[in-house]
Amino acid sequence: MCLSIPVVKFALRPSVMLCLLALTFCTSAAHAIGVLVAAGGGAEGDIGDTSAWSYKLYRKLVLNGDRNNDGKIKVVILSTAVADSFLPNYFIWLGATEAVNVTVATKADANNPAIVDTVSTADVVFIKGGDQGVYYDEWNGTTLETNIRTVVNTNNGAIGGTSAGAMSLPQYSFSGGMDLISLDVLQDARTPFLDDASAGGSGIHTDFLSFLSNTVIDTHYTKRGRLGRTLGILGKAIQDNNNTGILAIGIEEQTGISVTSTTAEIIGVGSVDFIQQTSSTVLRRDVSRPLYYTNLRLDRLTEGWKYNLATKAPDTVNRPTGTTPVTYAGDSSANTSSLVIKGTLVSDEEEFARRVAYSPNPYSNFTGSASPYVRNSIGIIDAANSTNRGAIQESLFRALYDLPNYSGLLVTAPAQIYRNTTTPDEIRFERNSSQSANEAATIVLDGRNVTYKGLSPYFSRSDTGSQTLKAAALINLNVHVLAETAARGVRYNSRTHTVLGGP
């Protein structure tokens, strides 16, 4: 079944034409996927633990039922490495009749009927974590891929994956095999880490499984501080394919989405971010220059929320318990005087109105002690720190739950922000001269238009044991990735929450 919304056709291979619908998944005029599950990685719960995130999420696959009418529910678990018996036993506990590992390490394996024919008789296909680049190289265009499609397209079976497996599922699959981190793209919007490691060209592929249309998925999203990385991938996917309607989905560990029809249900410990361009978005990706990306919409959701993939909006009618509405309190009073905040100086965080404590300290936010300071702001410097970037990302969103009308700023070590006495409401962006590296963009999370907020019922994976940090749900954040005021003329007015100038 395909929904009656505009259809875009892509020629993936001479033998395969997929009907891809804007912001949902479909296969042909007669068939639709039963359930799609995408998990952000992280350890599953123990067998017998019905409170675990994986029990609630993975069970959605089994509940899709016997799709080929053979009297049993069969789960096939795919990977490129020899696997242990945990997941087969786990799926049996979840209610499957049969669950087996199938190791497909090479393209020869993927075309070997003795190895992969069992996949076509499954009711559920689940792709483990690993390396999505290897999955693409070894499985794309093979008998294995055809057999997966038989389960999903012909039999309305269930498809799921965790980590690399989840990243293999969307139409725009970041499966080029490069180890991209947020700082890479914040410094160079066209970093080679966005390319394909084995074949050259783009590392974002549209000729793989493509079961979730018009989307790109990133996993381990908060734990590894991947907001900047995901924005870079989204910008490349949009430019490569001339499609401004692509939706980026960032999924945290031990968290996932269960998709039926056009609805994505969030299940798990952390958050899932849905990021899209708006009519006001400006994107610039220049070689060896920081990413420049303005006026994106970010909806950050936690367990209990649902997201409509057709309308690209969260369900704000059926909200989780504990959700509260947010209204804008109005612009701050005017800023005064000049200041400089370097991405390397912890003491400079005192020049934000609020600063944030994070790992190894318990979560909290404090009033900045410096004068002058940036009114209505929350800031963290050295935001791409490889040790703490996950806790930094989680903690800034959590601080915006406390103060949802503020502007949150993630300033990396190669970056510096400043203002002058002439226009003290306007933040400007430049390279931190104490760093040998090129300038990096600063990410601004603008809370002026936030409409609802809430907290996950679980403690964050970045919590140090203090039980103070939970993932925050925030509806309708604005996101800006800003750099190079001297070259681009860009400024951010922290009083009125507006981007000024720019290309």
Side-chain angles (χ1 to χ4, degrees), residues 180-194 225-236 238-239 275 277-278 280-296 298 335 338-345 348-349 351-352 374 377 379-385 389 396 407-446 478-503:
L180 174 72
I181 63 173
S182 288
L183 186 58
D184 293 324
V185 75
L186 293 177
Q187 289 191 277
D188 182 357
R190 293 184 179 269
T191 172
F193 291 113
L194 286 166
R226 285 181 166 175
L227 172 59
R229 161 179 146 134
T230 304
L231 292 168
I233 293 170
L234 175 62
K236 179 173 175 58
I238 284 172
Q239 283 197 341
I275 308 172
Q277 290 196 174
T278 69
S280 301
T281 294
V282 177
L283 168 63
R284 294 291 183 270
R285 298 178 60 249
D286 301 313
V287 176
S288 300
R289 294 178 65 181
L291 177 67
Y292 180 91
Y293 214 176
T294 64
N295 294 296
L296 295 107
L298 186 156
N335 288 282
S338 61
L339 60 74
V340 175
I341 299 175
K342 295 180 180 292
T344 49
L345 292 180
D348 281 1
E349 285 185 353
E351 293 182 294
F352 294 109
V374 182
S377 70
I380 301 179
I381 60 92
D382 196 16
N385 181 297
R389 61 193 180 204
L396 184 62
S407 295
L409 289 89
L410 293 168
V411 186
T412 63
Q416 175 173 285
I417 64 173
Y418 69 101
R419 70 185 190 204
N420 58 35
T421 54
T422 305
T423 53
D425 288 327
E426 298 178 8
I427 295 173
R428 298 163 186 259
F429 307 87
E430 66 181 359
R431 174 176 169 267
N432 181 352
S433 59
S434 67
Q435 298 291 293
S436 59
N438 294 333
E439 181 181 348
T442 293
I443 298 177
V444 178
L445 302 173
D446 171 8
N478 288 344
V479 182
H480 314 291
V481 185
L482 304 174
E484 300 184 309
T485 293
R488 299 190 185 275
V490 62
R491 292 99 63 210
Y492 177 73
N493 190 311
S494 61
R495 184 184 185 192
T496 61
H497 299 257
T498 51
V499 175
L500 306 170

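- Test R289, Q187, Q416, E484 against E439 for side chain to side chain contact (heavy atoms under 4.5 Å, CB included) and you get one pass: E484.
- No donor-acceptor pair closer than 3.5 Å links the side chain of T344 to the backbone N or O of A413.
- T412 contributes no side-chain N or O that, together with a main-chain N or O of D382, makes up a donor-acceptor pair within less than 3.5 Å.
- Side-chain rings of Y293 and H480 stay apart, their centers remaining 6.0 Å or farther from each other.
- L227 is listed as a side-chain neighbour of L410, based on a closest heavy-atom distance under 4.5 Å.
- Taking CZ of R226 as the start and CG of L180 as the end, the distance is 8.5 Å to the nearest 0.5 Å.
- Considering all non-hydrogen atoms of both residues, Y492 and D446 come closest at OH-CG, 3.5 Å.
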- [ ] Apply side chain to side chain contact (heavy atoms under 4.5 Å, CB included) to F352 and L409, showing your working.
- [x] CA-CA 9 Å; F352 294 109; L409 289 89; 4.2 Å; yes
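- Counting only heavy atoms from C-beta outward, the side chains of R285 and L291 approach each other to under 4.5 Å.
- A salt bridge does not link R428 to E430: none of the charged side-chain nitrogens sits closer than 4.0 Å to a carboxylate oxygen.
- The side-chain heavy atoms of V479 and V444, taken from C-beta on, include no pair separated by under 4.5 Å.
- Residues A441 and A483 approach most closely at CA-CB, 3.7 Å, considering heavy atoms.
- The one candidate from N478, I275, V282, L283 that meets the side chain to side chain contact (heavy atoms under 4.5 Å, CB included) condition with L296 is I275.
- Between the R190 side chain and the D188 main chain, no donor and acceptor come within less than 3.5 Å of each other.
- Formation of a donor-acceptor pair under 3.5 Å by the S494 side chain with backbone atoms of S377 is not found in this model.
- The minimum heavy-atom distance linking G225 with S182 is given by the pair O-OG, 2.8 Å.
- Between A440 and A415, the shortest heavy-atom distance links the atoms O-CB, 3.2 Å.
- Between I443 atom CD1 and L231 atom CG the span is 5.5 Å, to the nearest 0.5 Å.
- No donor-acceptor pair under 3.5 Å is formed between the side chain of D348 and the backbone N or O of L345.
- The distance from atom CZ of R419 to atom CG of N493, rounded to the nearest 0.5 Å, is 11.0 Å.
- More than 12 heavy atoms of other residues, nucleotides or ligands lie within 6.0 Å of OH in Y418, so this atom counts as buried by the packing criterion.
- The shortest non-hydrogen separation linking R389 to A383 is CB-O, 3.8 Å.
- Considering L186, T442, T294, V185 in turn, L186 is the only one that fulfils the side chain to side chain contact (heavy atoms under 4.5 Å, CB included) rule with V481.
- The backbone N or O of N420 sits nowhere less than 3.5 Å from a side-chain atom of S338 that would complete a donor-acceptor pair.
- A donor-acceptor pair under 3.5 Å is absent between the side-chain atoms of E351 and the main chain of V374, judged by distance alone.
- Considering only heavy atoms from C-beta on, S288 stays 4.5 Å or farther from D286 through its side chain.
- Atom OG1 in T191 sits 10.5 Å away from atom NZ in K236 (nearest 0.5 Å).
- The closest donor-acceptor contact from the side chain of T423 to the backbone of D425 lies at 3.5 Å or more, if one exists at all.
- For the 3.5 Å distance criterion, the side chains of T278 and S280 fail to qualify, holding no donor opposite an acceptor.
- You'll find the side chain of I381 reaches within 4.5 Å of the side chain of I341, heavy atoms only.
- Here the side chain of R431 pairs a donor or acceptor atom with the backbone of Q435 at under 3.5 angstrom.
- F429 places none of its side-chain heavy atoms less than 4.5 Å from the side chain of P290.
- Looking only at side-chain heavy atoms (C-beta outward), Y292 and V490 come within less than 4.5 Å of each other.
- Here CG of N432 is found 11.5 Å from CD1 of I417. Values are rounded to the nearest 0.5 Å.
- In terms of heavy atoms, S433 sits closest to K342 at OG-NZ, 4.3 Å.
- How far CG of L183 is from CG of N385: 10.5 Å, rounded to the nearest 0.5 Å.
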